[in-house]
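Below: the structure, in structure tokens.
Proteins get letters first, then strands, A, B, ... in listed order; numbering begins at 1 in each.
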Amino acid sequence: MSILGSGIFKGMAVTLKNFVGSYFDKERLTTKEYAWRTDDKLPERAGDYPKEEAEQLRDTTTVTHYSRNFPMLLHDKGEPMDTVRCVACQICERECPPQCIYIEKSKDKKERGGNKAQFYPATFDIDVSVCMSCQICVEVCPFDAIVMNSQFELSTPDRFGGLLLRRDDLLKSNDYYHKIHPEEAAARDKRIADEKAAKEAKKKAAEAAKKKAAEAKAKAEAEAKAKEEAESITKPAESTADSPSPPPAEPPVEPDRPKKEGGTE
Amino acid sequence: MTAAAPNYELIQQDGLETSLLEVSMGPHHPSTHGVFRMDVKLDGETVVDLKPVFGYLHRNHEKLAENMSYLASMPFTDRLDYFNSMTNNWAYALAAEQLIEIEIPERAEYLRVIMSELTRLVNHVSLVGFFVNDLGALGTPLLYAFREREKILDLFEQASGARMMCNYFRFGGLRCDVPEGWLDRTREVVDRFPKFLDEYEKLLCENEIILSRTQGVGNLSKELAVSAGITGPMLRASGVNYDIRKVDRYGIYDRFQFQVPYSKGDVGDCYDRFMVRMLEMRESIKILNQALDGIEDGPIMGNAGKVFKPAKAESYGRVEAPKGELGFYLVADGTPKPYRFRVRPPSFINLTVLRDMCIGQQVADAVIILGSIDIVLGEVDR
Amino acid sequence: MTTPNTSPSVELDDTTRAELERAGVIVSKVDFLYNWARGGSVWPLTFGLACCAIEMIASATSRFDISRFGSEVFRPSPRQADLMIVSGTVTKKMAPQVVRIYNQMPEPKWVIAMGACAISGGPFKQGYNVLKGIDRYIPVDVYLPGCPPRPEAVLQSLNYLQEKIRTQDIQSDPAFTGGRRQYPVPKFTGTDLEPPYNPDVWQPPTNPNAPADEEQEKEATA
Amino acid sequence: MSAPVNHEPVLQRFPEVEWDEEFGTLIVPVAKAAEVATWLRDDESFRLDYCSNVTGIDYLDREFKEKIKNEEGKTETIIHKDPARMEVVYHLYSMEKRTGPLVMRQRLERDKPEAQSLTAVWRSCELQEREIFDLYGVNFSGHPDQRRILMWDEFEGHPMRKDYVEPFDYEWEPTPHDEILEKHQKGKVIF
């Protein structure tokens, strides 16, 4: 602080250090050379952009495996509408804070992936001119049908039609999801598989318990007939009560997930 | 300029006499940190009177929140003070958690502290950049500040998915756990941050221009600061040792060793406010290091149910946001929607004293004084 | 000043492009030169409204570096700017000022509506003080959705705009034909703005599903 | 949390002040508000020198249904009546003693809300009371500069009031806003 102007020289030194450092020091965050290239045709709608490009942009953008932008609808392997996970339960539509989702339930039910027939979305629109990317729809979805896409190239000159992502624009495969969000997708698939396994185990246990109970009952009845003792009747009845409650009757509320194909599990 | 002509004659006749000039600065003005307007009355270069005009970004956040569920308001709180979405989330979660009893798991508490201190770094670093920008150093320091901000935003993006509007906190915990390796990456950023701060201090803190332009400008006395409800770094720059992290000890702040930087003098000028923020970043790094050491594996979501429907009650939760005391006042009436949702915005209330600080100063200094208050219009007007 | 009725965005389809080619080499070459120069030096206005403004600033910093596309010169004065990035929520209180700033910009001028709020009011559109889209008062060339869009998305919308500029026809371009476009500044009334929208640039869309009586009711209220 | 403030001395000193057990708040009569506030600020045992938050609340006439089990084990429905009123709530802290909060409120008539301004006691009320005047229409007597703050000067009505009907400015849009449109049209008709 003694010499007048020393502060300025110090500042200049810092600037010079930064200037030189920016050529080789990763810490100085060199420019990500993102540039959008058209193939001579300007997309009119946000849905016209290349569907599955986001993962290719990672070298030139700051998009990571965790980035989110707008929601998309997941389907499993096969024809999108045959394997779409959404059953048009409209929970996301209700919970969406800015009210940007619009769903119309189908009239008929459709069987998907070997599961029992369910409704499917006849219309599924997301108005990206309103969407605030808050991810609450993903959180509330009980079917793991809606997840976040990291696609950000959506500029369009059309205000009303162009910014409305229709169902077919939103449909993305689970493989694509694995490409853009590998960790999240793997965790989600694992959870689905676990839940499914647990459900099946429960079902099996319940069936076994039922069988056992039936056997026990038969045995008990036989015994009761033979001995007519009150205690021997109550005991097996208790054991049926203790066994896991029978789940198969429950599921209208429980998610009914389409079956997974190999590779994604 | 029809009004200028008679004034000109007046000056000609009376020699040294001038007349008052009213200037409307804003709402589109590069130095106003958003759409804020000051109606300034000038005598020559000196500010005689100043009237702040608000409301150019009044997005009726409170009214909207009264018409939607408690959870749906969470992403809206991100957009209050859009530099510090994480602390906004925390304040709201804190207020809502008082309404129903929720236990917050240990890991979530640690992550909340980490997120909130990272937010403080983001805010202070960009504020200092903008402040120096207001002083006339266009570009360079701001670019350095934004470079450091980017590193922390990358961390936020990895944890929550979004750079700015994280929407990461939930009642009773956090939305999701941080990905693998995130803590190591955070530690890398935190470890290197002091190096950047050294550089920044070298660049700015002893610069003669900054010293002469900020020292003795925009003084705020201790008494006025307390009475006007000033909070945050601005209050501490006026010499009051009051930090809600120390006073309320919300979350798990009682476990960390850190100091609250405050000005020893009773001046409270722009330089003090600038320096308090620089020092606060160092303390944040201390907290971050301790939190990163202490964090352990575990669940991140408490026992909160899916439906949030508190009984009839009211609550006021407040945190030490980077700009001051951010409070949420909720009145629940037994329905899934809050009956009254009120935000206590720190930068709005800090603007109470703008007029007092600016009167008697030069018009160019009014810009610096506004910059040193650190306002974000999303929060001022809500 | 008269205001032209045409929308500024002139999108050439293939037939007109072929016609243009037939119209003469010189015209298309002047077009090319003009558009090349104009597209390569789009100077944006330093005009931040809300959250998106921070991402707009971030797109100008060295990590994203908007100057690679010739737009590094953010000008605080509307007199020196070509591009207005409406970055953030336009409230009803702010809308007249936005229109005023637009009116002050020289031709050629373009507008990018950045973020959900500027496009349609976004998440805040149900509020009493939020304008449901800046396109009600000024013509918007590119809509950039996102809340907020990433800085790369800002670059993409700028690239999109540049592509659009390159295909513009200077003979029908409002920047050359109509003089400086100036639109009426809305006035405050008791609860809303007057006029509620500028019919020269924007008409409310019709609802194809709405029954006839509802349509009439809507017109009566509007 | 910082140490809570004992409210008993206030009730002893000012018998007009009520204590609302349900919400834990002092209810101060409007005429006495400034006097009580000054005392709370200056009294050695309180020193509530920092008024953090000032809020308006608008209560319409409402009924609450509560189900409780009576002694016989049957559920009974009790209807609580909540009369229409306007409230101004102050959250008071002490920076000197690091205590708080003490919640204080002025209860006002809803039709003609007249409150006493506490800006003279705590400067921090200045902008917040202006905001309440703007959004709720509460008139603060003794406020130095009572003007609209967030809305423009010509604005009519007080938008944060519960019965405020927003201006109708929706058009048909491709997504669900038909419902909003209907809702607003209905609101318009009622108004």
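- By the salt bridge (charged side-chain N to carboxylate O under 4.0 Å, His left out) test, A:Glu95 pairs with no residue at all, sequence neighbours left out.
- Judged by distance alone, with hydrogens and angles left aside, the side-chain atoms of C:Tyr160 form a donor-acceptor pair with the main-chain N or O of A:Pro43 at under 3.5 Å.
- Taking all atoms of both residues into account, the shortest heavy-atom contact from C:Pro145 to A:Leu163 is CG-CD2, 3.6 Å.
- Using a 4.5 Å cut-off between heavy atoms, A:Leu154 contacts chain C through both its backbone and its side chain.
- Remark: side-chain polar atoms of A:Glu153 are not paired, donor with acceptor, to backbone N or O of C:Gln156 under 3.5 angstrom.
- Between chain C and the options A:Asn69, A:Val128, A:Thr156, heavy-atom pairs under 4.5 Å are most frequent for A:Thr156.
- Of the possible polar contacts, none joining the A:Arg159 side chain to the C:Ser120 backbone as a donor-acceptor pair under 3.5 Å is found.
- When all heavy atoms of A:Val63 and C:Glu152 are compared, the closest pair comes out as N-OE2, 4.3 Å.
- Remark: C:Arg68 CZ to A:Tyr34 OH distance equals 9.5 Å, nearest 0.5 Å.
- Taking OG of A:Ser129 as the reference point, atom NZ of C:Lys125 lies at 6.0 Å (rounded to 0.5 Å).
- Around atom NZ of A:Lys17, no more than 12 heavy atoms belonging to other residues, nucleotides or ligands sit under 6.0 Å away.
- A:Thr62 and C:Arg63 share no side-chain donor-acceptor pair at under 3.5 Å.
- Atom-to-atom distance recorded for C:Ile112:CD1 and A:Ser155:OG is 7.0 Å, nearest 0.5 angstrom.
- Of the two parts of C:Phe124, neither the backbone nor the side chain holds a non-hydrogen atom closer than 4.5 Å to a non-hydrogen atom of chain A.
- Closest of all the heavy-atom pairs between C:Cys147 and A:Cys131 is CB-O, 3.7 Å.
- Listed by chain and residue number, nothing satisfies the salt bridge (charged side-chain N to carboxylate O under 4.0 Å, His left out) test with A:Glu183 (two or more places apart in sequence, or in another chain).
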